[in-house]
Protein chains: 2
Amino acid sequence: MAEHLSQSELDYPFKLLEYFNGFRISKAIFSACELGVFDLLLQSQKPMSAVEVAQKLGTSEDGIERLLDVLVAIEIVDVEVVQGTAFYSSTDVANLYLAKTSPKSLHDLIIYNSQTIYPLWNNLVDAVREGKNQNEKTFGLPSEEIFSAIYRSEEEMLKFMGLMNSTWVIDGHDIVTAFDLTNFKTVIDLGGCSGALARELAKEYPSSTVTVLDLPAVVQTAQQHFAQQDDTICFQEGDFFEGEIPPADLYILARIIHDWKEEKNLKLLKKIHTACHPGGGVLIAEALLFENSRGPTMVQMFSLNMLVQTEGKEHPPSHYTHLLTEAGFRDVQVCRTGKSYDAILALK
Amino acid sequence: MAEHLSQSELDYPFKLLEYFNGFRISKAIFSACELGVFDLLLQSQKPMSAVEVAQKLGTSEDGIERLLDVLVAIEIVDVEVVQGTAFYSSTDVANLYLAKTSPKSLHDLIIYNSQTIYPLWNNLVDAVREGKNQNEKTFGLPSEEIFSAIYRSEEEMLKFMGLMNSTWVIDGHDIVTAFDLTNFKTVIDLGGCSGALARELAKEYPSSTVTVLDLPAVVQTAQQHFAQQDDTICFQEGDFFEGEIPPADLYILARIIHDWKEEKNLKLLKKIHTACHPGGGVLIAEALLFENSRGPTMVQMFSLNMLVQTEGKEHPPSHYTHLLTEAGFRDVQVCRTGKSYDAILALK
């Protein structure tokens with residue numbers, strides 16, 4: 001059971017007002033990313049005034065000054081006042097996670113949250129009422145075909161792939177090291193998208209062959225936009241729901257199960273079990289709820305997000321154990337990473 | 001200068017991810033309000049299951065369960081699990097501030113934030129680029145006439161008045177007691193909207209006569225929707241920019257100055273100075289920035305909000321002192337309340 005908000009909240013609702021302000025904090029950071037504020041400050045050799053930032057980014061001086069001041073208040077941008085003029089500079093955190101060029105950049109995750117998920121959540125009331133996603137109301141797209149909505153244009157596909165890529169850039173290492181995967185020599189990441197998680201695995205287990213299997217359009221976009229020199233992974237076009245699943249020692253399902261209803265997931269896992277080499281396994285990466293469904297907060301938010309955008313939800317470990325066992329897998333092990341995404345390994 | 005986010009943020013951006021999630025927290029609370037969750041839980045004599053809540057509110061069971069679990073995680077709703085079924089009940093904080101029937105309800109503030117401000121902030125990038133409000137892009141309304149936008153329909157007027165009313169229900173007492181106003185026998189609240197702040201003043205100073213002067217449509221709506229039995233205040237229809245300002249001992253300008261450009265505000269203050277009885281004064285209620293413009297965070301957010309919605313901004317005390325002095329007032333006193341809104345008093 002959650003502890004209550006402190007009693008002093010009854011005198012004045014400071015914490016509630018902070019919650020009400022949450023959307024403004026999100027949008028302020030998102031908008032600064034979209035405008036290129038963090039890239040400019042990183043590239044600049046010296047702190048910049050609001051006037052200089054406005055000139056470089058083609059914005060109003062007044063608007064960018066207010067935005068910069070908000071970023072200072074939440075400690076993402078630094079400021080020094082010299083003879084009455086404020087000069088802004090970046091912080092280590094912004095350089096590492098918010099600048100587009102950083103290898104750990106969350107830029108693409110931010111763009112997707114800002115431009116796609118924020119408007120979807122404007123219809124949360126209807127999502128709760130109807131118990132279904134809001135792609136139709138928000139974007140005029142049918143709610144049944146969730147990936148037709150998510151991949152509704154080349155631009156949207158690229159944005160979604162960027163979101164996935166961002167996540168595995170910060171969470172991928174924890175996922176692939178949650179268990180010792182050395183013995184799995186052929187690995188297929190089903191729906192592996194841009195390949196970011198697969199690359200983390202290939203880096204950690206250089207003797208394994210790692211393949212991303214995804215829809216043809218996704219594979220083509222991955223190779224065009226997310227390819228790396230001397231890439232350590234392969235791509236294969238396919239549809240793991242409708243088509244063949246090639247044999248392998250290990251299958252990865254990273255943020256796949258949470259998109260779909262139980263029946264569809266069970267069918268998929270049975271299909272994987274059939275294709276899997278004896279002694280092989282499946283590695284699931286998802287954000288895990290507690291068994292009592294009372295947290296973690298972020299995972300419960302993700303689950304509500306799944307309602308707004310997909311037909312799935314987040315689950316506690318027991319649900320995955322049940323599904324995997326039902327599909328024929330054994331020895332289910334669960335590892336909570338303490339980060340956003342957790343790992344589950346099961347063997348054939 | 002702000003302290004930086006902690007160094008550990010460089011290992012994993014927990015705080016940044018929390019900021020990115022802010023819009024989801026806001027919308028979860030807002031949506032629960034819109035659906036009537038807090039009213040139902042308050043009225044219920046016993047804790048309710050998600051199935052019961054769904055039936056009463058006409059929502060999906062799955063959707064309301066996910067929403068309730070999020071509210072539990074952020075400590076706004078309480079839960080007890082009996083034989084595998086979760087039973088939800090309200091908390092003191094929710095009963096006091098989120099239920100519609102509470103005298104301290106923030107319900108109307110939430111509705112306005114959810115339905116009007118949240119969509120406006122989806123265009124923050126453009127607001128910063130253009131340096132102007134986004135009424136046109138968001139609602140198809142001309143950006144110049146800010147109150148034509150805000151009062152674009154009877155429903156919108158009522159929502160905006162509800163927002164103002166909510167604020168003064170929680171902040172009004174601090175504003176009217178920031179200074180001893182006993183000697184001001186006739187008080188006019190210019191743009192006093194629903195009359196909530198005026199009522200707080202009348203309650204604290206029962207020997208004073210308090211009048212709200214506002215646009216005819218606003219006064220009519222106030223009398224229709226916000227009137228109280230044995231009301232302690234009077235209403236007068238007028239336009240303090242275009243029309244006459246009646247003589248009085250004290251004028252209140254609560255959240256008026258921050259809507260407009262400096263020139264317009266100065267003209268208004270001069271007009272008030274002319275109408276004011278000798279020895280009278282003006283009481284300004286606004287959220288005050290620090291003099292160095294580096295906080296408070298919430299006020300900087302308000303200032304960015306003013307960019308998105310109006311033609312004004314928030315200011316530090318020195319700006320108001322300058323304006324008031326320029327308009328002929330003297331003895332400017334500033335009181336920071338420590339709540340959302342602060343008070344400034346100046347004498348003629």
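Within every chain, numbering begins at 1; the chains are lettered A, B, ... in the order of the sequence lines, protein sequences first and strands thereafter. The figures that follow rest on heavy atoms only: side chains count, while hydrogens, waters and symmetry mates do not.
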Per-residue contact mode, [X] against chain A (heavy atom under 4.5 angstrom):
| X | result |
| --- | --- |
| B/Ile117 | both |
| B/Asn95 | neither |
| B/Ile29 | side chain |
| B/Ala86 | both |
| B/Leu96 | side chain |
| B/Asn305 | side chain |

Over 12 non-hydrogen atoms of neighbours within 6.0 angstrom of [atom1] in [X]:
| X | atom1 | answer |
| --- | --- | --- |
| B/Lys56 | NZ | no |
| A/Glu263 | CD | no |
| B/Lys100 | NZ | no |
| A/Lys339 | NZ | yes |

**Request:** Quick one: closest heavy-atom pair of A/Ala28 and B/Met301, and the distance?
**Result:**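 Looks like CB-CE, 4.4 Å.
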Practice problem: Taking all non-hydrogen atoms of both residues into account, name the closest pair between A/Ser114 and B/Asn122 and its distance. | Solution: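 The answer is O-OD1, 3.7 Å.
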Heavy-atom pairs under 4.5 Å with chain A: which of [options] has the most?
| options | result |
| --- | --- |
| B/Ser26, B/Gly131, B/Gly63 | B/Ser26 |
| B/Leu124, B/Asp69, B/Ile25 | B/Asp69 |
| B/Thr59, B/Leu57, B/Asp126 | B/Thr59 |

- Pair B/Asp62-A/Leu307, side chain to side chain contact (heavy atoms under 4.5 Å, CB included): steps then yes or no: CA-CA 9 Å; B/Asp62 177 33; A/Leu307 176 73; 4.2 Å; yes
Side chain to side chain contact (heavy atoms under 4.5 Å, CB included) assessment of B/Thr297 paired with A/Ile74 = CA-CA 7 Å; B/Thr297 308; A/Ile74 57 173; 3.9 Å; yes
Pairs of heavy atoms under 4.5 Å with chain B: top-ranked of A/Ser303, A/Pro296, A/Pro119, A/Ala54: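 Of A/Ser303, A/Pro296, A/Pro119, A/Ala54, A/Ser303 has the most heavy-atom pairs under 4.5 Å with chain B.
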Which of the residues A/Leu109, A/Val308, A/Val299, A/Asp171 is involved in the greatest number of heavy-atom pairs with chain B at under 4.5 angstrom?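 Result: the option with the highest number of such pairs is A/Asp171.
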Handout entry: All salt bridge (charged side-chain N to carboxylate O under 4.0 Å, His left out) counterparts of B/Glu9, not counting sequence neighbours
Key =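 Expected list: none.
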Hey, is the main chain of A/Val128 close enough, under 3.5 Å, to the side chain of B/Ser60 for a donor-acceptor pair?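 Confirmed, B/Ser60 side chain pairs with A/Val128 backbone.
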Practice task
Report yes or no: does A/Tyr118 contribute a side-chain atom to a donor-acceptor pair with the main-chain N or O of B/Trp121 at less than 3.5 Å?
Solution key: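 Side chain of A/Tyr118 to backbone of B/Trp121: no pair is present.
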Just verifying a value: how many Å separate B/Leu304 CG and A/Lys27 NZ, rounded to the nearest 0.5 Å?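 Reported to 0.5 Å precision, the distance equals 12.0 Å.
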Review point. Side chains of B/Arg294 and A/Val81: does their closest heavy-atom pair fall under 4.5 Å?
Key: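 Counting from C-beta outward, B/Arg294 and A/Val81 do come under 4.5 Å.
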* Asked: Looking at side-chain heavy atoms only, is the closest gap between A/Leu35 and B/Val125 below 4.5 Å?
  ->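 Touching, per the 4.5 Å side-chain cut-off.
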Worksheet item: side chain to side chain contact (heavy atoms under 4.5 Å, CB included) between B/Arg66 and A/Gln300: does it pass, once the steps are laid out?
Response: CA-CA 7 Å; B/Arg66 296 193 214 189; A/Gln300 293 188 317; over 6 Å; no
- prompt: When B/Tyr12 is tested against each of A/Asp174, A/Ile170, A/Thr337 for side chain to side chain contact (heavy atoms under 4.5 Å, CB included), which residue passes?
  reply: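 Result for side chain to side chain contact (heavy atoms under 4.5 Å, CB included) with B/Tyr12: A/Ile170.
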Check residues 14-23 of chain A and write down every donor-acceptor pair under 3.5 Å in which the side-chain atom is one partner and the other belongs to a residue at least two apart or another chain.
from    : atom 1 : to      : atom 2 : distance (Å)
A/Asn21 : OD1    : A/Arg24 : NE     : 2.7

